[in-house]
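Atoms within each ligand, like the ligands themselves, are counted from 1 in listed order.
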Amino acid sequence: MSLLVVGSVAFDTVKTADGSAEEVLGGSATYAAYAASFFTPTRIVSPVGEDMPEAYLEELHEHNIDVTGIRVVPGGKTLRWTGRYSDSFLDRTTEDIQLNVFADYDTTLPEEYLDSDYVFLANGAPPAQKAVLDQLPDRKAALLDTMNHWIEGDRDGVIEVLDRVKAVVVNDEEARLLTGEVNLLTAARLLAEMGPDIVVIKKGEHGAILFAEGRPRALHAWMTEDVNDPTGAGDCFGGALMGYIAGRGDWSLPTIKTGLLYGTVMASFCIEEFSIDGLRRVTMDDIEQRREELLGMIGWHE
Ligand code: AMP
C-alpha cells in the first residue's frame, strides 16, 4: 500500500570534526521518502524553491518516489539548514536555519494522493501536518516525527497532532522537552497518554525504546565505527519503519517490530556518508544482509 511522506526538502550544510558538506540535498522528507521507497511506493509532499535542480527530483522519481506533491514556489528559495556536530557526534548545534518556502506553504494534496493509506509526518510545521491529516480521514495509520525547533516554537500544535496519530518517534532530548520528564520510560508513558498507541524514543548510537501495550522493549542500534554524518538518521529510521508497514499493509505489533529493525538498518547506512549518499549505493540485498547481521548483534540466546 502507498505511503505519503510530508516534510522538508532542503539544502544542508553540515560540519563535523573530519569534514563538511555544503548545500547538499537534505530535508526530513527527502531522507524519509528515500529510505521508505525501498519497501513501498512512496509519495512526497514538500515545497521547494526555483533553486532546486530538476535532476534531484528526477533522481527521487527514479527511486520509486512520486514527486507530484513537490511544489516549486515561483520566485522562492528552498529551506536551508546548517548544522555542526561535536567531535563525538553526540551533540548537534543548528548554526543557521532559513525556512524560506517552508515557512508557510500550500498543503493541498494532489488528487491522486487522497487514497494514501499510511502517512509519515516527518519533521515539519504542525499546521502543515494537521492540514495533511484533515485531507486523509480514511487513512489506516499516521506516524509523527518532530524536532526541538517545533516543540519550542509551537508546543500546543505538536501536542494537537500527537492526539491524532497512531505512533510517534522522537529522540530522547525531544521526549524530555515535550513531557518535561527526565526519565525516558516516564516520558514514553506520558507521550502514550497524549494519544498514540506506539511511542518510539530514539537514543542515537544506543538504539531505541519501543513503548507499546503498556510496556517497554529495547532495540539496539547497529554498532559501527563508520560514522561520518548522522544527519537524517532519524528520518531514515521513521521512513523505513513506515515504508515497511505500508508495504505489508499491516499495522500490528510484530510488523511494527520488524519495521523498527529495517529502520535501524536504513539509519545505519545513512550515517556512513553525507547527504543521501549512504542510501544511494544501497541495494535490497545489502539491507537484508545488514538486518541479519543486526539480529546477530542483538541475539543473546544462541
Ligand atoms: P535529523 O537529522 O533526522 O534531525 O534530520 C535533519 C534534516 O532535517 C536535515 O536534512 C534538515 O534539512 C532538516 N531540518 C532541519 N531543521 C528543520 C526544520 N525546522 N523543519 C524541517 N526540517 C528541518
Side-chain angles (χ1 to χ4, degrees), residues 5-16 21-36 44-49 52 56 60 77-86 89-105 107 120-129 132 143-155 157-158 161 169-175 177 200-205 208 221 227-242 263-264 266-279:
V5 174
V6 190
S8 59
V9 173
F11 289 121
D12 290 347
T13 296
V14 180
K15 302 167 188 172
T16 73
E22 201 152 325
E23 298 245 322
V24 291
L25 179 62
S28 57
T30 308
Y31 282 106
Y34 207 98
I44 188 168
V45 172
S46 189
V48 294
M52 178 57 63
Y56 282 161
L60 298 181
K77 274 184 82 179
T78 300
L79 186 157
R80 274 169 176 72
W81 174 78
T82 302
R84 178 186 289 279
Y85 288 89
S86 64
F89 286 115
L90 290 178
D91 296 306
R92 181 173 81 187
T93 314
T94 292
E95 290 193 338
D96 188 38
I97 173 132
Q98 294 165 31
L99 292 177
N100 297 327
V101 294
F102 199 67
D104 177 28
Y105 65 98
T107 45
F120 181 35
L121 302 172
N123 181 18
Q129 296 177 327
V132 166
L143 170 70
L144 170 68
D145 189 0
T146 189
M147 190 181 192
N148 49 5
H149 178 90
W150 304 109
I151 301 170
E152 283 159 359
D154 184 8
R155 190 170 183 279
V158 173
V161 183
V169 276
V170 281
N171 67 28
D172 40 6
E173 184 195 332
E174 292 151 0
L177 196 61
V200 180
I201 300 184
K202 299 167 288 181
K203 301 184 295 165
E205 64 177 310
V227 182
N228 289 300
D229 173 17
T231 307
D235 308 310
C236 289
F237 181 85
L241 165 65
M242 278 311 267
T264 302
M266 295 315 294
S268 78
F269 285 120
C270 172
I271 66 177
E272 289 174 358
E273 297 191 41
F274 286 98
S275 184
I276 56 169
D277 287 356
L279 306 178

- request: Check ligand 1 against T231 and write out every atom of the ligand that is under 4.0 Å from a heavy-atom position of the residue.
  value: 2 (O), 6 (C), 9 (C), 10 (O)
message: Using every non-hydrogen atom in the two residues, find where M266 and A35 come nearest and quote the distance to one decimal.
response: CB-CB, 4.2 Å
task: Number the atoms of ligand 1 from 1 as they appear, then name those within less than 4.0 Å of a heavy atom of F102, with their elements.
output: 20 (N), 21 (C)
statement: Atoms of ligand 1 under 4.0 Å from any heavy atom of G234, numbered from 1 in the order shown, are 3 (O)
- request: Mark up the atoms of ligand 1 that fall under 4.0 Å of a heavy atom belonging to S8, in ascending order.
  value: 13 (C), 21 (C), 22 (N), 23 (C)
N123 contact mode with ligand 1 (heavy-atom cut-off under 4.0 Å): both
query: Considering only heavy atoms of G26, which atoms of ligand 1 have at least one such atom less than 4.0 Å away?
result: 10 (O)
Side chain to side chain contact (heavy atoms under 4.5 Å, CB included) assessment of K203 paired with N171: CA-CA 6 Å; K203 301 184 295 165; N171 67 28; over 6 Å; no
- prompt: Please state which protein non-hydrogen atom is closest to atom 12 (O) of ligand 1 and give its distance, to 0.1 Å?
  reply: D12 OD1, 2.6 Å
query: Hey, mind stepping through T93 and Y85 against side chain to side chain donor-acceptor pair (under 3.5 Å) and telling me if it holds?
result: CA-CA 6 Å; T93 314; Y85 288 89; over 6 Å; no
- prompt: How about S46 and Y105: does a side-chain donor come under 3.5 Å of a side-chain acceptor?
  reply: no
- prompt: Nearest protein heavy atom to atom 8 (O) of ligand 1, by residue and atom, and its distance?
  reply: S28 N, 3.9 Å
- request: I would like to know whether S8 and S28 meet side chain to side chain donor-acceptor pair (under 3.5 Å); could you show each step before the answer?
  value: CA-CA 5 Å; S8 59; S28 57; 3.1 Å; yes
- prompt: What are the atoms of ligand 1, with element, lying closer than 4.0 Å to any heavy atom of R92?
  reply: 1 (P), 2 (O), 4 (O)
- request: Quick one: look up the protein heavy atom nearest atom 15 (C) of ligand 1 and list residue, atom name and how far away it is.
  value: W81 CD1, 3.4 Å
task: Provide the number and element of each atom of ligand 1 under 4.0 Å from a heavy atom of A10.
output: 12 (O)
field: Distance-only donor-acceptor check, side chains W150 and N123, under 3.5 Å
entry: yes
- prompt: Is T94 touching ligand 1 with its side chain, its backbone, both, or neither, if touching means heavy atoms under 4.0 Å apart?
  reply: neither
task: Please write down residue, atom name and distance for the protein heavy atom closest to atom 20 (N) of ligand 1.
output: W150 NE1, 3.2 Å
message: Could you check whether S275 and D277, counting side-chain N and O atoms only, form a donor-acceptor pair closer than 3.5 Å?
response: no
Heavy atoms from other residues, nucleotides or ligands near CD of E23 exceed 12 (cutoff 6.0 Å): yes
query: Between T94 and W81, does any side-chain donor sit less than 3.5 Å from a side-chain acceptor?
result: yes
- prompt: Below 6.0 angstrom between ring centroids: does that apply to Y31 and Y34?
  reply: no
query: Do any N/O atoms on G27 end up under 3.5 angstrom from N/O atoms on ligand 1?
result: yes
Contact summary for C270 and G232, nearest pair of heavy atoms: SG-C, 3.7 Å
- line: ligand 1 to I97, heavy atom cutoff 4.0 Å, flagged ligand atoms 16 (N), 17 (C), 18 (C), 19 (N)
- prompt: Going by distance only, is there an N or O of Y31 that falls short of 3.5 Å from an N or O of ligand 1?
  reply: no
query: Out of D229, T30, D235, whose heavy atom sits nearest atom 3 (O) of ligand 1?
result: D235
